[in-house]
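Below is one structure, written out as structure tokens; the observations come after it.
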Protein chains: 2
Amino acid sequence: MTTTRPGGRSARVRSAVLRAAGDMLAEQGFGHLDLAEIGRRAVVGKTTVYRRWGTVAALVADLLDEMAEESLPRTDTGTLLGDLTANARLVADTLTDPRQGPLFAALIASATCDERTAQALHQFYETRVAEWAPCVEQAIARGEVPAGTDPGEVIRAVSAPLYYRLLTTATPPDHTVADRAATAAAVAAERGVYVPAE
Amino acid sequence: MTTTRPGGRSARVRSAVLRAAGDMLAEQGFGHLDLAEIGRRAVVGKTTVYRRWGTVAALVADLLDEMAEESLPRTDTGTLLGDLTANARLVADTLTDPRQGPLFAALIASATCDERTAQALHQFYETRVAEWAPCVEQAIARGEVPAGTDPGEVIRAVSAPLYYRLLTTATPPDHTVADRAATAAAVAAERGVYVPAE
DNA sequence: AGCTTAATGGAACTATAGTTCCGTTAAGGG
DNA sequence: CCCTTAACGGAACTATAGTTCCATTAAGCT
């Protein structure tokens with residue numbers, strides 16, 4: 001009988017390798033990054049790393065799959081602006097974090113090089129957006145924003161300026177930028193900007 | 001006497017290599033990209049490429065420097081919303097273009113791996129933002145938006161959602177998304193969202 | 001036109017990323 | 001507790017990215 005073995009050692013190896021990969025991505029980006037060194041840091045034979053993942057891109061894709069599973073809890077402040085501001089600050093804090101910021105930049109960079117990685121990244125953000133979408137739905141229910149407002153678009157409108165800053169400027173997003181992004185999204189949403197034209 | 005030789009052959013080599021680099025970046029991303037193949041496509045000895053640029057990142061930085069020099073003309077429609085919409089559509093068209101879209105993604109990816117490349121990218125976007133900032137200044141003069149509004153922030157607010165879509169979703173920005181981004185930025189700007197606190 | 005030398009490019013070389021082989025370890029069923 | 005075999009890991013091997021050497025070409029000056 002051919003049983004697959006997800007238990008004990010394999011799982012330990014996977015988590016050690018994914019952790020090492022995340023660390024190295026955060027430290028030196030995904031450019032000159034080789035699987036052998038990841039294996040060395042994870043104290044795992046490089047043969048194993050090459051066999052199970054094969055390429056840096058595939059490893060990143062796996063890391064993204066794992067990251068998509070761990071969801072972080074949504075805040076509920078009772079108002080759209082409050083919720084969006086909480087979200088914006090959370091994202092800004094993540095992108096400003098010395099490990100997480102470079103890590104996210106590296107993940108996005110990896111996705112531009114490999115189709116499978118890109119899919120994993122898209123899935124990750126789809127999940128994240130879906131987690132926060134309810135706060136817009138509640139705002140619709142409360143009558144803060146017009147019915148028909150696209151929740152995902154509002155959530156993305158909050159994150160977009162923060163990521164844009166991270167990637168294209170020398171100044172990562174702070175709380176000022178975060179609050180501004182949240183306010184802009186809330187204002188636009190109230191005005192019905194995120195209601196798709198019929 | 002030690003004269004530098006910017007003329008004829010050197011310039012021809014540089015432009016051939018930069019063009020080839022841009023093509024290959026657009027086609028296969030900046031991941032598995034080696035200078036030898038770029039040289040081959042540019043019909044330039046690989047020794048020359050290695051000597052003049054040394055690394056992929058340095059070559060991308062040079063490409064960005066060149067791209068920052070060629071400015072594309074700004075539209076002037078007479079209203080902030082009109083100008084921002086024109087800008088948004090221009091950016092969206094660029095990011096949707098089969099060559100330019102992947103190229104910009106690759107440039108951003110490269111910048112996450114190398115400090116010098118990141119600086120070149122930041123400079124590039126600073127230039128682009130500065131080119132469009134006047135349309136916000138005109139809007140301030142016309143009284144469409146409050147005095148003190150940060151022109152750069154408004155321009156970035158227009159581009160951000162488009163780039164965010166390019167990088168984190170499976171659906172590149174179309175004119176619908178572009179118009180929405182422009183409208184959202186205009187609405188928020190009118191409301192004084194981009195006026196820094198006191 | 002002729003001279004000097006910066007810049008190029010082919011070929012041979014080195015280093016490092018990635019693969020194959022095979023003996024060893026331990027997960028999981030009997 | 002033992003047996004089977006999926007998964008691991010060290011070592012030797014191959015492939016490809018990157019470097020060095022030197023002969024050749026052509027800017028740019030007189």
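Quick note on labels: first sequence line is chain A, next is B, and so on, each numbered from 1. Here the structure is a predicted model, which is why all the values come from computation and not from measurement.
Salt bridge status for A/D34 with A/K46: absent, with no side-chain N to carboxylate O gap under 4.0 Å. Electrostatic pairing of B/R156 and B/E126 does not count as a salt bridge here, judged by no charged N lying under 4.0 Å from a carboxylate O. A salt bridge links B/E27 with B/R41: at least one charged nitrogen is closer than 4.0 Å to a carboxylate oxygen. Checked for salt-bridge contact, A/R165 and B/E153 meet the test: a charged N lies under 4.0 Å from a carboxylate O.
Note that the two end axes of the helix from C/dA1-D/dT30 to C/dG30-D/dC1 enclose an angle of 50°, each drawn from 5 base pairs, rounded to 10 degrees.
The stretch residues 33-55 of chain B touches DNA chain D through B/D34, B/K46, B/T47, B/Y50, each having a heavy atom within less than 4.0 Å of the strand.
To the nearest 0.5 angstrom, B/S110 atom OG is 9.0 Å from B/L59 atom CG.
The aromatic rings of A/Y163 and A/Y125 lie perpendicular to each other, with more than 60° between the two planes, well past the 30° mark.
Taking atom CG on A/L59 and atom P on C/dA17, their separation rounds to 15 Å, with Å as the unit. One interatomic measurement links the two molecules: NE2 of A/H32 to C1' of D/dT16, which rounds to 18 Å at whole-angstrom precision.
When only modelled atom types and interatomic distance are considered, B/T85 and B/D179 share no side-chain donor-acceptor pair under 3.5 Å.
What you find for A/R180 and B/V193 is that their closest heavy atoms are CD-O, 3.3 Å.
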